[in-house]
Structure formats: structure tokens, C-alpha cells
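Below: one structure, written as C-alpha cells.
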Amino acid sequence: AYINGASVTDRRLLPGWTQYNKRVIEQTFDVTKLVNPGTNAVAALVGKGWFAGMISTVGCPDGTPGYRNYPMFRAELTVEYNDGTKKVIGTDKTWKSYYLDPALQDNDIYLGEEYDATWDDESWKLAGNKRGSSGLIVEREWDAQIVPEDGQPVRVLKVIKPVKITNRPSGTILLDYGENLAGVDRITLTKAHPGAVIVVRHAENLKKNGEMWRDNLAFAKQQTVLTCGSKPLVYEPSFTFYGYRYAEVSGWPKDEPFTEDSIVAVKISSVGRRTGTFECSNELINKFFENVLRSQEDNFVDVPTDCPQRCERFGWTGDAQVFCETAMMNYDVERFFLKWLTDGYLCRTYYGGFTGIAPHHECTGKKDGPPRASSAGWADYGVICPWMLYRKYGNRADLAKLFEGMAKYVDLQDQFEKIPTIGDHLNQNQPTPGQFIGEAYRIEIMRITALAAAALGSKSKKKHFEERRAVRLAEFQKKYFDQDGELKYRTQTAAAFAIVYGLCPNNDAREKARKLLVHDIVVNRGTHLATGFLGTPILLRALTECGELDVAYKLLEQTTCPSWLYPVTQGATTVWERWDAFRDGVQHSSWMNSLNHYAFGSAASWLYSTVAGIQDLTEENHRWAGWKRFRLAPLPGGTLTYAKGSFESRYGLIESSWKKNGDNFEWSFTVPEGTVAEIVFPCSEPATLPAGLYREGGKLFAKPGRYKTVSKCSR
């Protein structure tokens, strides 16, 4: 939107992606400084976006958009006079309109943007414009609620210059920006080149022969086409974004010098302020952590997407579910998740089932047959993400708003003996039966919903879900453990589920699950994991909880495929969708091969909770939600000689930093005002406790303050 030719905001992709058939976001801006005495012009350039672009046709019959095949716009300018009166000027039939502004030839989130600067692209935004036709098509009210903005806007995160520019014999120019990113080009032309056509194509990687690898894009062109005009120009697309590290430029004018400033990458994201940090003595782990941050930034573009490059970019719910704890530690994303969950709850099925994608352009919420179960691990986001929000941010009111949907969904899943699931997606030739996964997740979401009910003071709901969990757990144990307590399915994911989700019938069965897990990792696979999207997030936690910290560290520090650090050794700057996305410079044969997927980056939560030892205690007592009371309990191991992590809570900064010096364990930590921290030393306590540490109920606690300690630990 423009006032007298000036943009009213620096935000991108307004107004964002919502469940458009249920709600549309209203965004408000103070434009006082843009209004001049006399005649003024209000104008807007409206793109296809998520509403009417190709992304809204995926899965729809005949490729028709799920909402409309054209974009829609509504606005009001409210003028407040000095005498207290107001005047509202709104969109109506008196507005001048164009089907497309001639300069903007085409725009699409998947395909990219085509722009012809030979057209005068400024006059239509200004007062006195004579172009266009009156009689804007005015529809009846769009059947959706108009609501105030509630998420985190898409903004420019940073501008990146190419780290390498290669002039090829073909005449094309290859740009390497040094990192995988989500964003657009900013093309700067210092001279006029009327009619010259510049094409910029994007890719995440290169083939062995140095050519761009675009096989994973499918029908997403992600390219910018710019026809130069009769004057110097700075241009960047407004209605698309690309996932890329490399850009190939063709048609660059020969008399225009190409420098590192000619085409820069404008990285966009919706992440809030950075709240979490981590580093340690293993540089590969540090790079992995940085890759996790980048993948979160690149995939948090208004909604939590699976990837920013191919013809997908949907809000896959399972991906967000497994990553949400890590996401909430890395950045302040409370508003981001609440907005997304609001739309996810609006696109539930008639009977209360959550979808695998949110928002969902095919979802009507109308009764379309008998009730059916939702996909375990994906649809369960509707329970897991709200509870994690409460754990990390402590907002009871938000939990209360979402609780009815949580409870209805769990009761729906409880009706069925057979629960569908995508499964342990992209596991390493070790699939875990979907029915096992479905029933295990059902038991876990019953546990979570009972905890949420307790936090909201509903004793009856708490009792209901605890009783249903007990029934389903007994059935599960009878079905999936033999008489000797052995798991019937011998996979790493099954064993991790059994340990972390408390599914074992007794301690003997839990011990056998531990042995199964360790034997498969260490003996069968040479200290390698075999888990996919659902098993990976809890694998290190499972090993830690059953006393196998050494194995957990060896698995974390493994550098050969499959492992978390293998992509780092291959030069990855973001987290891969597949463990083996690239081997020996050759990409995986499947087109479904994103190099910017955050799901496997969920292991970063273990870096915070175990290596740095920063742990929230909400599940021990709901009154401690939002870091009112927490635990600091680092567990050193592996080759690490030091590690430090921090988290900026609502109360202030929590820090934990340790260093091994022989048998001395030097540990510094910070407890913010208004909180209490339980302190657990990894081996033994210092001979003399610093002032501010005290005992209560057999446990050690720290008052707010900064502490430095030295104790003995040979681990």
C-alpha cells in the first residue's frame, strides 16, 4: 500500500497467510507523515499471494484455486481532524483499477516475478493519475471474519552480498551467497538499458560439473525476470520469495559493471528477537547449531513451512510439532505460533480433527461423512504446540483458549482403534509400524492434555484424560510387548518412544528397551542413528534418560552419514530434509530433497537442556510455567571441554557456562530476578557453596544472581 507513492510499511508479503475462508488479517499503519496538504493519493499493488496463486491450487480439482482465481483488496483511510471529527475514505467503485499494473507482468510464490521497467511504474501511485478504469469489481462481503493482526510480520532480516562471483564462458554469472536462505534479489542498475532482459534463477546447490542443481524444485521456477527501463533502477520482487544459496544471472548488460552490490540477497523471516545461544568446543556442533538457526529463520515466513524452495512451502504440522521446543528456545516466536495455531484450529475437520497442513485451502470444516482419525505425529501438533507454548511462555489465558480444541481432538482420536500416520518419515531403512506410532502418540497427547487440564484447574478433565490414558496404555503394553517385556518392534524409534513416553510395563521392560536401542545404534549400525522425523527429536533424550549419556554424545558427534554433523562436513549451511541428501557430490535420486528443512534440527533442544543444562519444570508443577522456576543441570560428555548456553526468558537472561580443567568442573550460571533455580552439579558439589545457594527439601536452589563454582568431575 502507498500514500503519495511512498510505501506505508517495510513489512513483506502482507497481510500474511491465514485460513482465508474463516478469517482475514487487518493491518493498521499510522500514515500521518505521508499525507500532504491538498490532494493525496492512496494506492495498492495487489499480488496473487497464498490466496490466488498456484500454491492455492495444489490438491484442488482441475488446478482451480482453493479460494479465488483473483486477489482481493479492502482498505480504509481514517482522517482525524483537530476538532475531533473523523472522516473514513474506503475502497468502493470510485477507485481506479487495473487487472495487472503493466510493469508487473506476473507474480507467483512458486514461479517468481516478472517485471517490465519500460513502463512508467510511479505515476499510478500519485495524485492526478489518469490511467486505469473506474468501476472496480466490488464483491459482496467475503465470508470471513476480519481480525486485527496477531502474528509476527515478515521483515527483512539482513542483506547478503555474494561471497563469490563467477563469470562463465556462456556469458552467465554465478553468484554464491555463502549460505542457504529464504529471500529475494535486490537488483541495482546504475545505467539505463531499455529493453534489456535480465533473468535470475535460483538454486540451493551445484552439481559436480558446477551447473545449478534445480532438480528439487519440481514445477517451482523461482526466478526473477526483469526488463530494464530507460533510467537507473533498484528492483526487488514484492510477491514471492526463493530458497537458495546460488543465483545464476543471464542477460546482464555488457556496459553495466557487475559488482558485489549489483545483485544482493534480501533475506526475510518472521522470527522475533533472538532468545537462545549455544556454543561449545566442537566447531562442527557449533556449525550445526548455526544451521538450525538458519533453517528456522528461512522456514518461519509467516507460517512454519517445511521448505522455502520447491512447489510446497506449506505449514506442515508434523515438522512444526517436532521442532517447536527448539524454535521457542532459539527465538521469541510466541505470537508467531499463536497466530498459526489460530488458523490451524479454524481448519479442523467437522468432528475436531487437526490437519497435516495449516492453513489448508481445501479445508471447509463442513460435515463430509462420518468421523475419522487424524494423522498421528502431524495432527497431534494441536495438542503438543499449545502445551509447549505454555511451558516456555507461561500464558495461561492462551492455553485456556486452545484447551477445548485440544480436548475435543484427543477424545476424537480415542474413538478409533486404527490411527493413520505418515509414520517415521525418512527413517534410514528402519520403518516403525504406523499403528505403533499412532497409539503411542495418542497416549502421549492424553498425558499432555491431562497436564493442561490441571494447569487450568479442571479436575474432572484431568481425571478423564488420566483414566483414558491408563486404559490405552494397558492395551498398548499388552499389544506391543511380549511376555518377557521385549518390544515386538525392534527399531530405534520404537525403543525411544517406549522410554521417553513412559510406555514400558515395568523397569525390566524399560531396561530391555534400553539394550535394544543401544545395541542397534552401536553394534548394528556402528554408532549411527536410523530414525526419521518422529524418532529423531527424542533419540538423544531417550539415551540420556536411560543412563546412556556416552552413547548420546558419540551419536551427536558422529560425522559420517547418517548423522547430524555429516551435512556440516559437506558444507551445508542449513539442515537437510534427508540424512543422505548429498553423497559424494551427488544428490539423492528423489526430487523430494530439500536442503533447508528444520525437522532434524530438533536435536538442538538437547544442546540447551542437557549440554548446557537449561530445563523448564512446567511438567513437574504447572505453576512454574514460563521459567518461574527451572533447573540448571549440565551433563558434560564426549570430547567437549567447554560449553555455554543462554535463554532470554520473560523474567530475564538465564545462563549456563562450563569448562573442564582436568578433574575440575568450572561452572558459571545466572538466575534472573523473580525466579528460583534448582541447581544440580554433574558429579559432586563444591566443597564450599557460594552465597545465594541454599537447601530445601533435600534439593539445592539458587536465588537470583550470578554464580561461579568449581567442583570435581571426571566425566
Side-chain angles (χ1 to χ4, degrees), residues 1 9 11-29 44 46-53 55-60 65-76 78 90-91 109 138-154 239 270 272 300-305 313-317 320 333-368 374 379 381-382 385-386 389 395 397-406 408-409:
T9 179
R11 299 180 183 182
R12 301 301 178 97
L13 304 174
L14 281 70
W17 193 358
T18 55
Q19 191 61 32
Y20 295 124
N21 60 331
K22 298 293 182 67
R23 72 176 196 140
V24 178
I25 297 295
E26 171 192 85
Q27 293 179 305
T28 305
F29 304 96
V46 186
K48 298 175 185 176
W50 294 285
F51 180 80
I55 194 170
S56 72
T57 70
V58 176
C60 294
Y67 303 106
R68 284 285 193 276
N69 57 9
Y70 51 84
M72 302 175 73
F73 175 72
R74 177 176 175 175
E76 291 179 350
T78 301
T91 46
I109 286 175
V138 179
E139 290 211 4
R140 290 183 297 176
E141 290 290 326
W142 176 247
D143 188 21
Q145 186 180 11
I146 298 176
V147 298
E149 183 178 20
D150 58 355
Q152 290 178 180
V154 182
F239 299 111
S270 294
F300 276 39
V301 178
D302 199 68
V303 301
T305 58
R313 314 187 200 185
F314 294 124
W316 279 102
T317 54
V333 287
E334 182 181 20
R335 287 179 57 199
F336 176 87
F337 267 97
L338 283 170
K339 177 258 183 186
W340 178 64
L341 284 167
T342 298
D343 292 297
Y345 272 54
L346 288 173
C347 71
R348 286 179 293 166
T349 65
Y350 176 83
Y351 295 99
F354 292 107
T355 57
I357 295 171
H360 203 307
H361 53 273
E362 294 181 273
C363 184
T364 63
K366 297 179 180 178
K367 190 173 182 179
D368 58 354
S374 296
Y381 87 98
C385 292
L389 274 170
N395 193 318
D398 289 333
L399 181 64
K401 290 177 185 176
L402 299 170
F403 180 76
E404 182 181 350
M406 296 168 64
K408 186 175 182 179
Y409 169 70

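As the structure is a computational prediction, the values presented were derived from the model and not from experiment.
Here the CZ-CD distance, from Phe337 to Gln152, works out to 10.0 Å after rounding to the nearest 0.5 Å. The NZ atom of Lys48 sits 10.0 Å away from atom CG of Asn69, with the distance rounded to the nearest 0.5 Å. Atom CG of Leu338 sits about 4.5 Å away from atom CG of Asp398, to the nearest 0.5 Å. The CZ atom of Arg313 sits 9.0 Å away from atom OG1 of Thr305, with the distance rounded to the nearest 0.5 Å. Here the CG atom belonging to Asn395 is positioned 7.5 Å from the NZ atom belonging to Lys401, to the nearest 0.5 angstrom. The distance from the CZ atom of Arg23 to the CG atom of Asp343 is 4.0 Å, given to the nearest 0.5 Å.
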Criterion side chain to side chain contact (heavy atoms under 4.5 Å, CB included) on Ile146 and Arg74, from CA distance to verdict: CA-CA 10 Å; Ile146 298 176; Arg74 177 176 175 175; 3.4 Å; yes
Step-by-step side chain to side chain contact (heavy atoms under 4.5 Å, CB included) determination, Leu399 to Leu389: CA-CA 8 Å; Leu399 181 64; Leu389 274 170; over 6 Å; no
Residue pair Lys367, Tyr351: steps toward the side chain to side chain contact (heavy atoms under 4.5 Å, CB included) verdict: CA-CA 8 Å; Lys367 190 173 182 179; Tyr351 295 99; 3.1 Å; yes
Residue pair Tyr20, Met72: steps toward the side chain to side chain contact (heavy atoms under 4.5 Å, CB included) verdict: CA-CA 11 Å; Tyr20 295 124; Met72 302 175 73; over 6 Å; no
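With a 4.5 Å cut-off on side-chain heavy atoms, Phe29 and Leu14 count as touching. Counting only heavy atoms from C-beta outward, the side chains of Pro359 and Val303 approach each other to under 4.5 Å. The closest side-chain heavy-atom distance from Phe336 to Pro304 is below 4.5 Å.
At least one donor-acceptor pair closer than 3.5 Å links the side chain of Tyr345 to the backbone N or O of Gly382. Between the His361 side chain and the Val58 main chain, a donor and an acceptor come within less than 3.5 Å of each other. Listed for the Ser374 side chain is no donor-acceptor partner under 3.5 Å among the backbone atoms of Gly353. Counting only distance, with no hydrogens or angles, the side chain of Gln145 and the backbone of Lys22 share no donor-acceptor pair below 3.5 Å. For Thr317 (side chain) and Thr355 (main-chain N/O), a donor-acceptor pair under 3.5 Å exists by modelled atom type.
Between Trp340 and Tyr381, the ring planes are tilted. Angles from 30° to 60° get that label. The aromatic rings of Trp50 and Trp17 sit parallel, their planes meeting at an angle under 30°, below the 60° perpendicular limit.
In this structure, Gly352 and Arg348 approach most closely via the heavy-atom pair O-CD, 3.9 Å. Ser56 and Gly53 make their closest contact through OG-O, 2.8 Å (heavy atoms, listed as atom of the first residue, atom of the second, distance). Of all non-hydrogen atoms in Ala358 and Cys347, the two that sit nearest each other are CB-SG, 4.1 Å.
In this view, Tyr409 and Phe354 satisfy the ring-ring contact (aromatic ring centres under 6.0 Å, His included) rule, not counting sequence neighbours.
Atom OH of Tyr350 has 12 or fewer neighbouring heavy atoms from other residues, nucleotides or ligands inside a 6.0 Å radius.
The pair Lys339-Asp302 counts as a salt bridge, with a side-chain nitrogen and a carboxylate oxygen less than 4.0 angstrom apart.
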